[in-house]
Amino acid sequence: MKVVICDDSIEDLMKIEEVLARYCERNPSRDIQVEKYSDALQLYGRIKEKELADLYILDMIMPEKSGIDLGNKLRRCGSEKGIIYITTSDEFAMDAYDVHALRYLLKPFRDDQLFEALDCAFSYSEVSSGARYLVRTRSGLVPVQHSRIEYVENVSRTLAVHLVGGEVIRSIFIRGSFDEEISGLISDSSFMQVHKSFLVNKRYVRKLKGDSIIMECGDCVPISRKRAADAKKEYLVYISEQYR
């Protein structure tokens with residue numbers, strides 16, 4: 001895994017690198033290559049050119065470009081690479097969630113906190129690179145990464161698979177039930193069914209309302225009365241796990 005660290009404090013930059021070295025000593029099977037930046041603008045340019053790493057450990061408050069600027073640029077480039085924020089203030093936690101950061105750690109942090117965040121990053125990388133959902137279309141089977149799916153909708157006995165970036169993949173007529181068709185996704189903890197005809201990826205929920213969900217793309221997905229309480233509880237548990 002290629003890991004980029006960006007912090008305008010040289011002292012903090014070196015500390016993070018030292019903790020990464022200790023993590024590798026504890027986990028010899030996990031190979032980490034580190035690239036360091038004290039200039040956020042320089043890293044911004046690398047991301048713009050799509051010279052991407054597997055994981056980004058970013059300070060939040062930096063001159064010229066903030067950690068959120070870097071995260072937003074990654075997402076606008078279509079990258080789902082993992083992001084861990086390490087900062088001095090908790091006031092930007094919701095901004096971090098908006099760019100789907102894996103963890104948000106406050107300085108000074110403990111080794112075990114970053115170790116846990118790195119474990120999460122490795123797990124996320126493995127799931128993102130390996131998990132695929134097969135959509136039966138008129139042109140054949142189309143494999144889609146779970147991490148690219150915002151939500152799935154049952155439309156007149158066909159599936160509309162809405163992807164990050166606005167693309168929609170439409171299936172052929174489904175013979176089984178919607179529940180049967182999404183069984184491969186529902187086993188992934190990132191997804192939850194909120195309606196008999198809708199499945200959403202919790203990573204792309206922008207706002208949870210009483211009877212609907214606003215997705216990252218801006219689409220409004222209905223929540224059935226029957227599932228409303230469970231959906232709210234499940235989503236709150238998901239949020240708490242991301243920022244514990």
Side-chain angles (χ1 to χ4, degrees), residues 71 75 80-85 90 92-106 113 116-135 144-155 158-169 171 174 176-244:
R75 299 310 181 228
E80 287 304 308
K81 304 299 185 180
I83 299 173
I84 297 171
Y85 283 114
D90 61 2
F92 301 103
M94 291 309 298
D95 294 321
Y97 180 70
D98 286 342
V99 296
H100 313 300
L102 297 175
R103 290 293 185 271
Y104 187 92
L105 305 180
L106 292 177
Q113 291 177 304
E116 188 277 335
L118 291 168
D119 285 341
C120 174
F122 269 97
S123 297
Y124 172 72
S125 178
E126 290 164 3
V127 169
S128 296
S129 62
R132 297 288 192 280
Y133 180 59
L134 296 178
V135 186
V144 183
Q145 285 185 327
H146 285 197
S147 60
R148 293 188 61 214
I149 300 173
E150 282 206 30
Y151 70 97
V152 182
E153 178 183 5
N154 183 7
V155 183
T158 65
L159 300 181
V161 183
H162 296 256
L163 306 183
V164 174
E167 181 184 357
V168 180
I169 298 176
S171 78
I174 58 175
S177 67
F178 182 64
D179 288 359
E180 291 171 338
E181 292 294 326
I182 62 172
S183 60
L185 289 173
I186 205 68
S187 59
D188 183 333
S189 61
S190 294
F191 291 89
M192 66 176 178
Q193 188 172 359
V194 297
H195 186 281
K196 67 179 181 180
S197 297
F198 288 90
L199 177 81
V200 301
N201 189 332
K202 287 175 276 190
R203 286 181 55 81
Y204 300 111
V205 172
R206 181 188 298 173
K207 185 177 183 181
L208 179 65
K209 300 163 68 175
D211 60 353
S212 63
I213 288 174
I214 305 300
M215 301 302 296
E216 192 66 36
C217 63
D219 290 353
C220 182
V221 174
I223 303 176
S224 66
R225 287 185 179 180
K226 179 181 178 181
R227 300 176 188 269
D230 288 341
K232 181 179 179 180
K233 180 179 179 181
E234 185 176 344
Y235 183 65
L236 291 176
V237 168
Y238 172 78
I239 293 296
S240 66
E241 288 177 347
Q242 302 306 302
Y243 296 97
R244 57 191 175 187

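None of these values were measured; they are calculated from a predicted model.
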Is the shortest heavy-atom distance from the side chain of Gln113 to the side chain of Arg103 under 4.5 Å? no
So which atom in Gly210 and which in Ala228 form the shortest heavy-atom distance, rounded to 0.1 Å? O-CB, 4.2 Å
Side chains of Glu234 and Lys202, heavy atoms from C-beta outward: is any pair under 4.5 Å? yes
When rounded to the nearest 0.5 angstrom, what distance separates OG in Ser147 from NZ in Lys81? 9.5 Å
Student check: side-chain heavy atoms of Met215 and Val221 closer than 4.5 Å: yes
Distance in Å, Glu181 CD paired with Tyr133 OH, rounded so as to fall on 0.5 Å steps: 5.5 Å
Between atom CD of Glu153 and atom CG of Leu199, what is the distance when rounded to the nearest 0.5 Å? 11.5 Å
For Tyr204, all residues meeting ring-ring contact (aromatic ring centres under 6.0 Å, His included), sequence neighbours excluded: His100
Given side chains that start at C-beta, do those of Phe178 and Lys196 come closer than 4.5 Å, heavy atoms only? no
Below 4.5 Å, heavy atoms only, C-beta onward: do Val194 and Tyr235 meet side chain to side chain? no
Side-chain touch Ile149/Leu163, heavy atoms, less than 4.5 angstrom: yes
In the structure I gave you, are the side-chain heavy atoms of Ile174 and Asn154 within less than 4.5 Å of one another anywhere? yes
Can you name the salt bridge (Lys or Arg N to Asp or Glu O under 4.0 Å) partners of Asp119, sequence neighbours left out? Arg30
Interatomic spacing from OG in Ser190 to OH in Tyr238 - rounded to 0.5 Å: 5.5 Å
Heavy-atom closest pair, residues Gly71 and Val99: C-CG1, 4.0 Å
Minimum heavy-atom distance Leu102-Ala121, with the two atoms named: CD1-CA, 3.7 Å
What I'd like to find out is whether the side chain of Met192 reaches to under 4.5 Å of the side chain of Ile213, using heavy atoms alone. yes
Of the non-hydrogen atoms in Arg132 and Gln145, which two are nearest, and what is the gap between them? NH1-CG, 3.3 Å
To the nearest 0.5 Å, what is the distance between CZ (Arg206) and CG (Asp219)? 9.5 Å
The single option from Val200, Ile182, Asn201 passing side-chain contact (heavy atoms from CB on, under 4.5 Å) against Phe191: Asn201
So which atom in Val135 and which in Ser171 form the shortest heavy-atom distance, rounded to 0.1 Å? CG1-CB, 3.9 Å
To check you understand the geometry: which heavy-atom pair defines the closest contact between Leu208 and Lys232, and what is its length? CD2-CA, 3.7 Å
One should read off an interatomic distance between Ser189 OG and His146 NE2, to the nearest 0.5 angstrom, of 11.0 Å
